[in-house]
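What follows is a single structure, written as structure tokens, with notes after it.
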Amino acid sequence: MAEPNDPYAPVHATDLSVTLDRAVRVAALRYFDARGTFAQACKSALGIALPEALCAVRVPNTGTGAELILAWRHPTQTLVLSNDVAALAALQTRLSGVEEGCCVDQSGGLWVLRVRGGRTRDLLLRIGNEASVPQPGQASVSRIAELPVLALSVQPGETLLLVDRVYAEHLFNWVRATVADFT
């Protein structure tokens, strides 16, 4: 339950919902070569290859039932999102010591806003640009609310916005002010 003055209280409007999803954990897979030793170890651990440029994919059932999302961030980094702490810890353990890369927990530094509804595109175009509106299977970094934000989608009707924690309140304020204009 959000506190009355909570800057991260969910924002709702007709056919639009924006919430801070505190349950999503984020890890960064950092590597030198997207086809090298570390990338191959990631493929072995995850069961699929790292996503291509500007792509986001849902990892098929990992055997633990944990949902994982892989999102391309730039040529030497892929983000892993999950609400399962144990699944991310197991991935980190499995990749530790593998040459040419590392898996770094970014959960304290990157926060996820979950945007749902038919007015998502309208909201993102008002506070961002066309690159801010991913189609399912896409991920791209663009400027939203004057901030660098990774926007990704792995299913219709939902966009995830990853923002540095220190800027999350700023982004939420832009969302809140923009949604107020909708009504």
Side-chain angles (χ1 to χ4, degrees), residues 17-117 120-121 124 128-144 148-165 168:
S17 169
V18 182
T19 57
L20 175 64
D21 193 337
R22 296 178 192 265
V24 176
R25 313 293 296 171
V26 181
L29 302 175
R30 297 178 179 164
Y31 40 85
F32 298 108
D33 180 358
R35 294 179 192 86
T37 304
F38 186 77
Q40 292 306 313
C42 290
K43 182 177 181 179
S44 175
L46 296 165
I48 64 171
L50 295 175
E52 296 292 322
L54 303 174
C55 291
V57 297
R58 187 182 310 273
V59 178
N61 190 329
T62 60
T64 65
E67 177 183 82
L68 297 176
I69 295 172
L70 301 179
W72 181 91
R73 189 169 192 189
H74 55 72
T76 60
Q77 187 176 81
T78 295
L79 297 181
V80 182
L81 290 73
S82 180
N83 59 358
D84 188 319
V85 175
L88 281 183
L91 180 62
Q92 278 187 293
T93 299
R94 188 147 179 206
L95 296 174
S96 67
V98 177
E99 293 181 20
E100 299 178 9
C102 60
C103 179
V104 181
D105 187 348
Q106 297 286 293
S107 300
L110 291 174
W111 281 7
V112 176
L113 277 67
R114 192 175 295 272
V115 186
R116 293 182 172 138
T120 297
R121 179 178 176 74
L124 294 177
N129 57 51
E130 192 66 39
S132 308
V133 186
Q135 296 300 310
Q138 293 180 336
S140 67
V141 176
S142 64
R143 306 256 335 146
I144 300 177
V149 176
L150 175 70
L152 69 99
S153 177
V154 292
Q155 65 185 11
E158 180 176 79
T159 298
L160 303 179
L161 304 177
L162 279 75
V163 62
D164 285 334
R165 176 183 178 176

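Quantities reported herein were computed from a predicted structural model and do not represent experimental measurements. The residues of the chain are indexed from 1 along the displayed sequence.
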Find out whether [X] and [Y] are in side-chain contact, i.e. whether some heavy atom of one side chain is under 4.5 Å from a heavy atom of the other.
| X | Y | result |
| --- | --- | --- |
| L113 | V149 | no |
| V133 | T159 | no |
| L152 | L79 | no |
| H74 | R30 | no |
| T76 | F32 | no |

(Q) For the backbone of Q138 and the side chain of S153, can you confirm whether one donor and one acceptor N or O come within less than 3.5 Å of each other? (A) no
Q) Is T78 reaching over with its side chain to a backbone N or O of W72, donor-acceptor style, under 3.5 angstrom? A) no
What heavy-atom pair brings [X] and [Y] nearest, and what distance separates the two atoms?
| X | Y | answer |
| --- | --- | --- |
| P148 | R143 | CD-NH1, 3.5 Å |
| A27 | C103 | CB-SG, 4.0 Å |
| V26 | S107 | N-OG, 2.9 Å |
| L46 | V59 | O-CG1, 3.5 Å |
| L161 | I144 | CD2-CD1, 3.9 Å |

Q: Starting from the C-alpha separation in whole Å, work towards a yes-or-no answer on side chain to side chain contact (heavy atoms under 4.5 Å, CB included) for R73 and L110.
A: CA-CA 13 Å; R73 189 169 192 189; L110 291 174; 3.8 Å; yes
Q. For S44 and R94, does a side-chain donor sit closer than 3.5 Å to a side-chain acceptor?
A. yes
**Q.** S82 side chain to D84 side chain, donor-acceptor N/O pair below 3.5 angstrom
**A.** no
Q. Are there more than 12 heavy atoms of other residues, nucleotides or ligands under 6.0 Å from atom CD of E100?
A. yes
Q: With side chain to side chain contact (heavy atoms under 4.5 Å, CB included) as the test, would you mind laying out the steps for V24 and L160 before giving the verdict?
A: CA-CA 10 Å; V24 176; L160 303 179; over 6 Å; no
